[in-house]
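First listed ligand is number 1; within each ligand, the first listed atom is number 1. Below, each value reflects all heavy atoms present in this structure, side chains not excepted, and no hydrogens, waters or symmetry copies.
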Amino acid sequence: MFESLSEKLEGIFKKLKGRGVLNEENVNAALREVRMALLEADVNFKVVRDFVEDVRQRAIGKEVLESITPGQQVVKIVHDRLVELMGSTSANIKFGSRIPSPIMLVGLQGCGKTTTAAKLARLISKEKRVYLVSADVYRPAAMEQLAVLGRQIKAGVFDAGTLRDPVKICVEAVEQARKDGFEVIIIDTAGRLHIDDLLMEELRKIKEKVSPAEILYVADAMTGQDAVNVGTKFNELIGIDGVIMTKMDGDARGGAALSLKAVVGKPVKFVGIGEKIDALEVFHPERMASRILGMGDILSLVEKAQSTIDEKTAREMEQSLRKSDFSLEDFRNQLKQIKKMGSLKDIIGMIPGMGKMKALKGMEPDDRELVKITAMIDSMTKKERLNYLIIDGRRRKRIALGSGTTVQDVNRLLKNYIEIRKMMKKINSRGGVKSLMRNFPF
Ligand SMILES: Nc1nc2c(ncn2[C@@H]2O[C@H](COP(=O)(O)OP(=O)(O)OP(=O)(O)O)[C@@H](O)[C@H]2O)c(=O)[nH]1
Ligand SMILES: [Mg+2]
C-alpha cells in the first residue's frame with residue numbers, strides 16, 4: 001500500500017531534514033517534488049494543488065523557517081495535512097437504533113462488493129449477530145457466491161428461494177433477520193460495468209424500502225481516479241455514508257484513497273487488503289499518514305497482534321519493541337510472534353524504519369528466511385543472545401554450523417539486528433513510540 005509514494009516522500013524529506021537552515025526557496029523546491037510524487041500516485045490534481053498550497057502557506061511562516069528543526073517541522077505539517085486529507089479520525093459504522101440495522105453495499109461490477117460483504121460480516125460478527133443477503137439476481141451464481149462465503153464465516157444468509165425482485169428480496173430478508181434475532185443485515189447489491197439509470201433506480205428503491213443505516217460505496221483502488229468519479233456519481237444519485245476501498249494490496253498507487261474524502265466528502269472507513277476473508281482493516285488516517293511517510297505503525301502492529309495472540313503476549317511484544325536493550329533473544333521472540341501473525345511481508349512495513357531498511361528488503365517476502373534467522377539465534381548460547389558483542393569469528397562459524405547456514409548468513413543477521421537495535425534506541429531516547437508518533441521526529 002502506498003509503497004512508491006512513501007519511498008519518494010521519504011527521499012524528499014530526508015534531503016529537507018538534512019538542512020540546518022531552510023528558506024522559502026528550499027521549501028518550494030521540496031514541495032514541487034511532493035506535488036510530482038502525489039500526482040504520480042494518482043491523487044486528484046485539484047486535491048494535490050490545494051494540498052501543496054496549504055502546506056506551503058503553513059510552512060513558509062517565520063516560526064517554522066526560523067525554528068531549530070525547520071525540516072522536521074515541514075514534515076510534520078505534511079503529516080498533519082495528510083491526516084486531514086484522509087478524514088482525521090477513523091470513521092466507525094453507524095448502526096442506528098433499529099434492529100436489524102441494514103448496511104447496504106453499492107459499487108460497480110467486480111469492485112469487490114460480495115467479498116467485502118462477507119469480510120465486513122466477519123468483522124462485525126465479533127460484536128453483533130450478522131445476516132447477509134444478496135440482491136444480485138442478474139449474475140448467475142452471485143447468490144451462491146455469497147452463501148458460500150457466509151457459510152465460511154458462519155453468518156446467517158437469506159435464501160431468496162424463487163424470488164426474483166431485488167427490492168422484494170431485501171424487504172423479506174430484513175423481515176427474516178428480525179424474526180431470527182439478527183442485529184445487522186448486510187445487503188450485497190448487483191454491480192454494472194457503468195453507472196446506468198436502471199441500476200440506480202433499483203438501488204434507490206432498495207434504499208427507500210429498507211432505509212439503510214449506512215450505504216457504503218465499495219471502490220476498487222486499482223481503478224484510480226475512476227473510483228473517485230464513480231463515487232461522486234453514487235453520492236449524487238443515491239447518497240453514500242462512507243467508502244470501502246478494496247484491492248489496496250495490489251499495485252494501486254493509492255491516489256484514490258487519498259482523494260476520496262476531499263472530492264466526495266465521505267470518509268474511507270475500511271480498506272480491503274487481500275482476497276482472503278480476513279483481509280479487511282479499519283482505515284485509520286493518522287496511522288496511514290505515518291505509514292505513507294515511512295514512520296511505520298506500531299499501533300496497527302500491536303492491534304494485529306492482539307487479534308491473533310492474546311493481549312498479554314501483545315503487551316510484552318510492544319514492551320520489547322520499546323526496550324532499550326533489545327537483545328537477540330528479544331529479536332527472536334519478536335520473530336516468533338510475527339510468524340504467528342501471518343505473512344512477514346504484511347507485518348514488516350508496520351515496524352518503524354523496517355520498510356526503509358535496504359538490508360531487510362531482500363528477505364521481506366521470504367518466510368523461509370524467518371525460519372533461518374530463528375535457527376541461527378537458536379544456535380547461539382544464552383550469553384551470546386544477551387550480548388552480541390562477544391560473537392566473534394569463531395563463534396560465528398559455530399553458529400553457522402549449528403544452524404545449517406553460512407557465516408555470511410550469520411554476518412547478515414547480526415548486521416540487520418544491530419540496525420534494528422539502533423532504531424529501537426532512537427525511538428526510546430525520544431520518549432517512546434507514542435511521542436514519536438505525536439511529535440514526528442525521526
Ligand atoms: N487482491 C484483492 N482482491 C480482492 C479484494 N476484494 C475483492 N477482491 C477480488 O475481486 C474479485 C471480485 O470480487 P467480488 O466480491 O466478486 O466483486 P463484486 O463487486 O461482488 O462483483 P459483481 O457482483 O460481479 O459486481 C474477486 O476475485 C475478489 O477475490 C481485495 O481487497 N484485494
Ligand atoms: Mg457480487
Side-chain angles (χ1 to χ4, degrees), residues 1-3 103-124 130-153 155 157-160 164 166 169-170 173 185-196 198-203 206 215-224 226-227 230-231 233-234 238 240 242-257 260 268-284 288 291 300 304 342-343 345-346 349 365:
M1 223 185 293
F2 295 118
E3 277 93 2
I103 296 171
M104 182 171 163
L105 302 186
V106 300
L108 293 187
Q109 204 167 70
C111 64
K113 293 176 298 299
T114 306
T115 316
T116 304
K119 287 179 179 175
L120 192 60
R122 183 184 160 277
L123 269 193
I124 296 175
V130 187
Y131 202 50
L132 286 162
V133 56
S134 166
D136 187 348
V137 295
Y138 309 101
R139 195 162 60 78
M143 291 189 171
E144 184 51 25
Q145 182 193 1
L146 189 69
V148 168
L149 290 169
R151 274 199 291 278
Q152 218 175 310
I153 53 167
V157 184
F158 180 70
D159 179 1
R164 299 306 293 166
I169 290 175
C170 291
I185 175 166
I186 298 177
I187 302 170
D188 174 26
T189 59
R192 298 282 157 83
L193 272 177
H194 305 283
I195 287 188
D196 65 38
L198 232 58
L199 170 70
M200 285 301 165
E201 190 49 37
E202 180 181 308
L203 294 176
I206 296 176
I215 299 179
L216 298 174
Y217 163 59
V218 181
D220 179 344
M222 305 291 285
T223 61
D226 276 346
V230 171
K233 275 273 166 342
F234 268 101
I238 46 171
I240 61 172
V243 180
I244 300 181
M245 190 61 99
T246 64
K247 308 186 196 178
M248 287 292 280
D249 52 311
D251 48 6
R253 290 164 292 168
L260 261 155
V268 176
K269 296 196 172 189
F270 297 91
V271 283
I273 48 164
E275 297 197 48
K276 291 213 190 103
I277 202 99
D278 61 352
L280 186 75
E281 278 183 4
V282 175
F283 185 73
H284 298 284
M288 198 52 80
R291 233 194 254 185
S300 280
K304 181 146 193 175
S343 150
K345 193 172 174 241
D346 290 348

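Looking at atom 12 (C) of ligand 1, its nearest protein heavy atom turns out to be Gly110 O, 3.7 Å. The single protein non-hydrogen atom nearest to atom 11 (C) of ligand 1 is Lys247 NZ, 4.2 Å, given as residue, atom name and distance. The closest protein non-hydrogen atom to atom 18 (P) of ligand 1 is Lys113 N, 3.4 Å. Atom 3 (N) of ligand 1 has its closest protein heavy atom at Glu275 CG, 3.4 Å. Protein heavy atom nearest atom 1 (N) of ligand 1, with residue, atom name and distance: Asp249 OD2, 2.8 Å. Closest to atom 16 (O) of ligand 1, if we only count protein heavy atoms, is Gln145 NE2, 3.0 Å.
The contact set between ligand 1 and Thr114, taken as ligand atoms under 4.0 Å from a residue heavy atom, comprises 15 (O), 18 (P), 20 (O), 23 (O). Below 4.0 Å from some heavy atom of Lys119 lie the following atoms of ligand 1, by number and element: 5 (C), 6 (N), 30 (C), 31 (O). Ligand-side atoms of ligand 1 in range of Gly191: 25 (O), range being under 4.0 angstrom from any heavy atom. Ligand 1 places these atoms under 4.0 Å from at least one heavy atom of Gly272: 31 (O). Listed by number with element, the atoms of ligand 1 under 4.0 angstrom from any heavy atom of Asp136 are 23 (O).
Taking any N or O of Thr246, backbone or side chain, none lies under 3.5 Å from an N or O belonging to ligand 1. Between Met248 and ligand 1, no pair of N/O atoms sits closer than 3.5 Å. For the pair Thr116 and ligand 1, the shortest N or O to N or O distance does not fall below 3.5 Å. Between Gly112 and ligand 1, at least one N/O pair is under 3.5 Å apart.
Between Ile244 and Val271 there is no side-chain heavy-atom pair separated by less than 4.5 Å. At a threshold of 4.5 Å between non-hydrogen side-chain atoms, the residues Ile169 and Met143 count as touching. Residues Glu201 and Leu199 form no side-chain contact, since every pair of their non-hydrogen atoms from C-beta on lies 4.5 Å or further apart. In this structure the side chain of Ile215 reaches within 4.5 angstrom of the side chain of Val106, judged on heavy atoms. Ile187 is not listed as a side-chain neighbour of Leu105, based on a closest heavy-atom distance of 4.5 Å or more.
If you check each of Gln109, Arg139, Met245 against atom 23 (O) of ligand 1, the one with the closest non-hydrogen atom is Arg139.
In this structure, Ala142 does not count as a contact residue of ligand 1, since none of its heavy atoms falls inside 4.0 Å of the ligand. Note on ligand 1: Arg192 sits outside its first shell, no heavy atom being nearer than 4.0 Å. Ligand 1 lies within reach of Gly274, whose nearest heavy atom is under 4.0 Å from it.
A search for ring-ring contact (aromatic ring centres under 6.0 Å, His included) contacts involving Phe270 returns nothing, not counting sequence neighbours.
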**OP:** Would you please test Val133 and Val157 for side-chain contact (heavy atoms from CB on, under 4.5 Å) and show each step?
**Re:** CA-CA 6 Å; Val133 56; Val157 184; over 6 Å; no
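The part of Ile273 lying near ligand 1 is the backbone, judged by heavy-atom distances below 4.0 Å. Proximity of Thr115 to ligand 1, defined as any heavy-atom pair under 4.0 Å, is shared by backbone and side chain alike.
Using a distance-only test at 3.5 Å, with no hydrogens or angles considered, a donor-acceptor pair links the side chain of Tyr217 to the main chain of Ala227. No side-chain donor-acceptor contact under 3.5 Å links Lys233 to the backbone of Ile195.
Side chain to side chain, Arg139 and Gln145 meet the donor-acceptor criterion of an N or O pair below 3.5 Å. For the residue pair Thr114 / Asp188, a side-chain donor-acceptor distance below 3.5 Å is found, with atom types taken as modelled.
At least one test fails for Arg164 against the ring of Tyr138: distance under 6.0 Å to the centre or angle within 45° of the axis.
Around the Mg ion (ligand 2), the protein contributes the following N, O or S atoms at distances under 2.8 Å: Thr114 OG1.
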